[in-house]
Amino acid sequence: MRRSLNLIRLLALFVVVVTVAYAGGQEKPVQLAGAPCPTLSALHCPDKDCPPERVINPGSVVEMKTRRTYFLDYPCDLKPGEKVTFILSLHGFGSYGNWQRHYFPIMDFVDKYRLVVATPNSPTRSWSATDDEYLQNIVESVVDQIGKDNIKAFWLVGHSQGGLTSNRIVRTDFFKQRVDGWLSLSGGRLGGNPGRSPNWGPPRAPGAGTPAPGSATATTPPSVSSAMAALREPPAAEFSFIFETGQREMDDKGMPETSDWAKKYNCGPRKKPQEIADTKAGYVYDSTRQNPPNPSWGLLPAAGKAQEYVYPDCKDGRVVADVVRLDKGHTEGLEPKVTEELIKLMLSAKGGKIQQMH
């Protein structure tokens, strides 16, 4: 009996020792920016009616040189040496970082697709060249922590004026050398823009009249209009490009059937559209401009469909595509399935610029 008890104790001790040794030998998950791994926490919006104080939250990660904050979403089980796709996501004019996180909610897919997503904030709610140092510092900080050899691809994502800003900074030496792709969310189309809806823009006061087609609305900031004019020529840089927009933002001609950016990479004629159907609405919308609403600017979030147009067989592994969300305007947050399809397009493109840097 005593021998049996001693044997049981020895076996139990052996199990404890092996368990501790195994646990000690496991690699601990990476913790980026010295912050706890983001989870679906209090800063994540519910499915609808996101509290205003949550939408305007500037994030908790501090960029140490400028002392400005930002959001950083990444897999909680990210391992040292794991290869990831890095995304810098820029909000539009008058918006906030946490609104952008929910307008294009790639944070919901960081685990599935092994993404690291930085979402910064402009204190003036409008991007300008004075923000470039801050944006560059965020990129350098994330790359330093992950290791450049572990960045499979680096993408810019920008909504509205954040798209115009992506167009501007991708022409600078810092981003030209690093960016593998740009996803423009209603922020301008390389290769030929669609015409704008005659009543595009935020709702106007009664009696204000309808602006002439193609003209800037009274609420379009002069800085945005001048930026659009300055960025008409294509950038002298090599990267994939995806354009997404709401159908109601465009005029009756809709999306152009050709793309000069696709011609640059000798892509084939665009394919017939693939339909994307969402039964779930997006998270956010412009709650300040719904009385009266303007469909081209954006209504309440709702389920919907989208059409994905791909220009196939582009050289050098590039991806060129257009995505039109049917019956949507400028500000309804993207639905989950169309968000995921955009991620898949991004991941299918050639990457590696940061890995190749000396």
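Count residues from 1 along the sequence.
Ionic pairing of K305 and D278 is not present here: no N-O contact between side-chain nitrogen and carboxylate oxygen is shorter than 4.0 angstrom. Note on E238 versus R318: no salt bridge recorded, every NZ/NE/NH1/NH2 to OD/OE distance being 4.0 Å or above. Checked for salt-bridge contact, R68 and D131 meet the test: a charged N lies under 4.0 Å from a carboxylate O. Under 4.0 Å is where a charged nitrogen must lie from a carboxylate oxygen, and between K83 and D149 no such pair does. In summary, E341 and K344 engage in a salt bridge, as defined by a charged side-chain N under 4.0 Å from a carboxylate O. Between R325 and E335 there is a salt bridge, since a side-chain N of the basic residue sits under 4.0 Å from a carboxylate O of the acidic one. Salt-bridge formation is detected for the pair D73/R101: a Lys NZ or Arg NE/NH1/NH2 atom is positioned less than 4.0 Å from an Asp or Glu carboxylate oxygen.
Taking hydrophobic clusters as Ile, Leu, Val, Met, Phe, Trp and Tyr residues chained together by side-chain heavy-atom distances below 4.5 Å, V84 does not share a cluster with I343. Hydrophobic clustering of Ile, Leu, Val, Met, Phe, Trp and Tyr side chains at less than 4.5 Å, counting indirect connections, unites W182 with V142. Linking ILVMFWY side-chain heavy atoms closer than 4.5 Å, directly or via other members, places I276 and V320 in two distinct hydrophobic clusters. Both F86 and Y134 are assigned to one and the same hydrophobic cluster, defined by single-linkage of ILVMFWY side chains at heavy-atom distances under 4.5 Å. Hydrophobic cluster membership differs between Y103 and F93, with clusters built from Ile, Leu, Val, Met, Phe, Trp and Tyr side chains linked at under 4.5 angstrom.
Taking the six-membered ring where the residue is Trp, H44 and H102 present perpendicular rings, their angle passing 60° and hence far from 30°. Ring orientation note: the planes of F109 and Y113 are tilted relative to one another, at an angle of 30° to 60°.
Not counting sequence neighbours, the partners of H91 by the ring pair (Phe, Tyr, Trp, His ring centres under 6.0 Å) test are W127. Partners of E308 according to the side-chain hydrogen bond (donor to acceptor under 3.5 Å, both in side chains) rule, which considers only residues two or more places apart in sequence or in another chain, do not exist here. In this view, F104 satisfies the ring pair (Phe, Tyr, Trp, His ring centres under 6.0 Å) rule with no residue, not counting sequence neighbours.
The shortest distance between side-chain heavy atoms of S184 and S166 does not fall below 4.5 Å. At a threshold of 4.5 Å between non-hydrogen side-chain atoms, the residues E63 and T69 do not count as touching. Here the side chains of V157 and L185 are in contact, with some heavy-atom distance below 4.5 Å. You'll find the side chain of V110 stays beyond 4.5 Å of the side chain of Y74, heavy atoms only.
More than 12 non-hydrogen atoms from other residues, nucleotides or ligands lie less than 6.0 angstrom from CD of E140. By the neighbour-count criterion of 12 heavy atoms within 6.0 Å, atom NZ of K271 is sparsely surrounded, having that number or fewer from other residues, nucleotides or ligands. Crowding of D144 atom CG: a count of heavy atoms from other residues, nucleotides or ligands under 6.0 Å exceeding 12. No more than 12 heavy atoms of other residues, nucleotides or ligands shown are found within 6.0 angstrom of CG on D252. The 12-atom threshold is exceeded at NZ of K148, counting heavy atoms of other residues, nucleotides or ligands nearer than 6.0 Å.
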(message) For a salt bridge (charged side-chain N to carboxylate O under 4.0 Å, His left out) check, start with the C-alpha distance between R196 and E249, then their side-chain angles and the critical distance, and finish with the verdict.
(response) CA-CA 6 Å; R196 278 188 170 177; E249 298 183 70; over 6 Å; no
(request) In sequence, state the C-alpha distance, the side-chain angles, and the governing distance for S160 and H330, and then conclude on side chain to side chain donor-acceptor pair (under 3.5 Å). (result) CA-CA 8 Å; S160 195; H330 191 64; 2.9 Å; yes
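Residues Y285 and W297 place their aromatic rings such that the two centres sit no closer than 6.0 Å.
Between the side chain of N294 and the backbone N or O of G201 there is at least one donor-acceptor pair closer than 3.5 Å. For the pair R168 (side chain) and L164 (backbone), a donor-acceptor distance under 3.5 Å is absent. Remark: side-chain polar atoms of Q161 are not paired, donor with acceptor, to backbone N or O of G94 under 3.5 angstrom. When atom types are taken as modelled, the side chain of K353 and the backbone of K176 share a donor-acceptor pair closer than 3.5 angstrom. K328 places a side-chain N or O within donor-acceptor distance of the main-chain N or O of A302, the cut-off being under 3.5 Å. Judged by distance alone, the side chain of Q290 and the main-chain N or O of S287 form no donor-acceptor pair under 3.5 Å. Under the 3.5 Å distance criterion, the side-chain polar atoms of Q100 are left unmatched by any main-chain donor or acceptor of Y96. A distance-only check finds a donor-acceptor pair linking the side chain of E332 to the backbone of L299 [under 3.5 Å]. In this structure, the side chain of N121 does not engage the main chain of Y70 through any donor-acceptor pair within 3.5 Å.
For the atom pair CD1 of I56 and OG of S95, the computed distance is 11.0 Å after rounding to the nearest 0.5 Å. Atoms CG and CG, on N57 and N98 in that order, are 5.5 Å from each other to the nearest 0.5 Å. The CE atom of M357 lies 11.0 Å from the CZ atom of F154; values are rounded to the nearest 0.5 Å. From M107, atom CE reaches atom CG of L72 across 13.5 Å, with rounding to the nearest 0.5 Å. For the atom pair CZ (R114) and CG (L347), the distance works out to 12.0 Å, reported to the nearest 0.5 Å. Taken from CD1 in I151 to CD1 in I354, the straight-line distance is 5.5 Å, to the nearest 0.5 Å.
Heavy atoms only, all atoms of each residue included: P120 and L90 are closest at CG-CD2, 3.6 Å. Listed here is the closest heavy atom pair of L32 and I146: CD2-CG1, 4.0 Å. Scanning both residues, A349 and S240, for their nearest heavy atoms gives CB-OG, 3.4 Å. Between D111 and P75, the shortest heavy-atom contact is OD1-CA, 3.2 Å. For P256 against G192, the heavy-atom pair with the smallest separation is CG-O, 3.8 Å. The two residues V30 and P80 come nearest to each other via the heavy atoms CG2-N, 3.5 Å.
Exactly one residue among T124, D132, T130 makes a side-chain hydrogen bond (donor to acceptor under 3.5 Å, both in side chains) with S128. That residue is T130. When the options V139, I169, L183 are evaluated for a side-chain contact (heavy atoms from CB on, under 4.5 Å) with L156, the one that passes is I169. Here the rule is ring-ring contact (aromatic ring centres under 6.0 Å, His included) with W261, and of F243, F239, Y311 only F239 fits it.
Under the disulfide (SG to SG under 2.5 Å) criterion, the residue pairs touching residues 291-358 are C267-C314, with sequence neighbours excluded. Screening residues 321-358 for disulfide (SG to SG under 2.5 Å) gives no qualifying pairs among residues at least two apart or on separate chains. Listed by first and then second residue, the disulfide (SG to SG under 2.5 Å) pairs involving residues 319-358 amount to none (not counting sequence neighbours).
Within the cation-pi definition used here (under 6.0 Å to the ring centroid, within 45° of the axis), R178 qualifies as a partner of F174. In this structure, R270 is positioned above the aromatic face of Y309, its NZ or CZ under 6.0 Å from the six-membered ring centre and within 45° of the axis.
Counting only N and O atoms by type, the side chains of D108 and Y283 include a donor and acceptor under 3.5 Å apart.
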